[in-house]
Amino acid sequence: MRSPNSLTRLWHSARIGLLLVPALLLGGCASLTDLRATVVTPNPAPQALVGAKVQVQAAPGNADSADAYTLQTAVLDAMTQAGMVPLLGTPAPYTARYAYTVRLDLEATYGPSVWPPPVLLPNGAVYFPGGWGGWGGGMFGWMPPPNYYERSLSLEIRDTATGALIWQSHASTGGYERGLASVALPLAQAVLRGFPSEYGEHKVLFPR
């Protein structure tokens with residue numbers, strides 16, 4: 001006869017598996033659809049930015065990354081399409097800084113109802129406080145679902161002389177792929193969609 005603790009652990013493991021089924025099914029459908037991005041632009045940009053020369057800089061972590069050129073090219077292309085004149089290494093009345101980040105979305109990966117919620121460790125492993133082991137471990141045949149990532153791009157434009165923030169925008173998209181290449185240009189275009197007048201939170205669809 002199994003102990004109460006053993007039965008509790010068995011039930012908890014089975015419950016996690018059941019909770020993951022809808023998430024995996026929805027995730028599989030989403031992977032077949034077009035790329036969707038959520039854009040948040042607090043305020044419209046001043047008309048003075050249209051046609052303005054803007055010095056473009058990468059955030060320190062992006063400037064040193066393996067994808068630095070891909071990201072820089074995407075941002076420059078999107079700014080040009082938006083009507084600005086982006087410059088590299090040349091002083092200009094305005095300065096733009098972009099920052100790209102990627103993070104593992106634990107809730108989207110494991111489901112919102114898993115309790116206690118999993119924790120992402122500094123080494124990239126996922127730990128379950130309930131005692132179900134870390135990333136890569138299975139229990140009773142259960143294996144971890146594929147990682148779901150949120151990839152985001154932020155762009156800020158400031159007055160070079162004063163440092164005052166002139167305009168900012170943020171775009172993010174989720175998916176099972178961690179790499180930047182497939183979303184660099186769509187994210188940059190999403191950040192600048194409707195520039196200079198569009199603002200607020202909105203969704204952008206990019207057909208694949």
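Keep in mind that what you see is a predicted model, and the values were worked out from it rather than measured.
- Inter-residue side-chain proximity for L185 and T73 is flagged as unmet; no heavy-atom pair is nearer than 4.5 Å.
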Name each donor-acceptor pair under 3.5 Å that joins a side chain in residues 38-48 to protein atoms two or more places apart or in another chain, with its distance.
| unit_1 | atom_1 | unit_2 | atom_2 | d |
| --- | --- | --- | --- | --- |
| T38 | OG1 | K203 | NZ | 2.8 |
| T41 | OG1 | S169 | OG | 2.7 |

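- Put simply, L165 and V56 are part of two different groups of oily side chains (I, L, V, M, F, W, Y) that touch within less than 4.5 Å, one to the next.
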Test side-chain contact (heavy atoms from CB on, under 4.5 Å) on E177 and Y149 and set out the steps. CA-CA 7 Å; E177 183 182 347; Y149 296 97; over 6 Å; no
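- Side-chain contact between I157 and L49 is present, with heavy atoms from C-beta onward closer than 4.5 Å.
- By the side chain to side chain donor-acceptor pair (under 3.5 Å) test, S154 is found to be paired with H170, residues two or more places apart in sequence or in another chain being considered.
- Atom OG1 of T173 sits about 9.5 Å away from atom CZ of R36, to the nearest 0.5 Å.
- Under the 4.5 Å side-chain heavy-atom criterion for grouping Ile, Leu, Val, Met, Phe, Trp and Tyr, V102 is connected to L104 within one hydrophobic cluster.
- For the pair V54/M79, a side-chain contact is recorded, criterion being any heavy-atom separation below 4.5 Å from C-beta on.
- No side-chain heavy atom of L192 sits under 4.5 Å from any side-chain heavy atom of Q81.
- Nearest heavy-atom pair, A74 versus A188, reported as atom, atom and distance to 0.1 Å: O-CB, 3.5 Å.
- Between the OG1 atom of T101 and the CG atom of L153 there is a distance of 8.5 Å, given to the nearest 0.5 Å.
- Remark: F195 engages W167 in a ring-ring contact (aromatic ring centres under 6.0 Å, His included) (not counting sequence neighbours).
- Of all heavy-atom pairs between V191 and A171, the closest is CG2-CB, 3.5 Å.
- For residues 156-170, the pairs satisfying salt bridge (charged side-chain N to carboxylate O under 4.0 Å, His left out) are E156-R158, with sequence neighbours left out.
- Residues Y199 and I166 do not share a hydrophobic cluster, defined by chaining ILVMFWY side chains whose heavy atoms lie under 4.5 Å apart.
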Using a 3.5 Å cut-off and no angle test, enumerate the donor-acceptor pairs between side-chain atoms of residues 82-98 and protein atoms at least two apart in sequence or in another chain.
| unit_1 | atom_1 | unit_2 | atom_2 | d |
| --- | --- | --- | --- | --- |
| T95 | OG1 | T160 | OG1 | 2.8 |

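- For F206, the CZ atom sits in a packed shell: over 12 heavy atoms of surrounding residues, nucleotides or ligands are nearer than 6.0 Å.
- For the salt bridge (charged side-chain N to carboxylate O under 4.0 Å, His left out) condition, no pair includes a residue of residues 40-69, sequence neighbours left out.
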Apply side-chain contact (heavy atoms from CB on, under 4.5 Å) to the pair R151 and S182, showing each step before the final yes or no. CA-CA 11 Å; R151 292 170 285 181; S182 65; 3.8 Å; yes
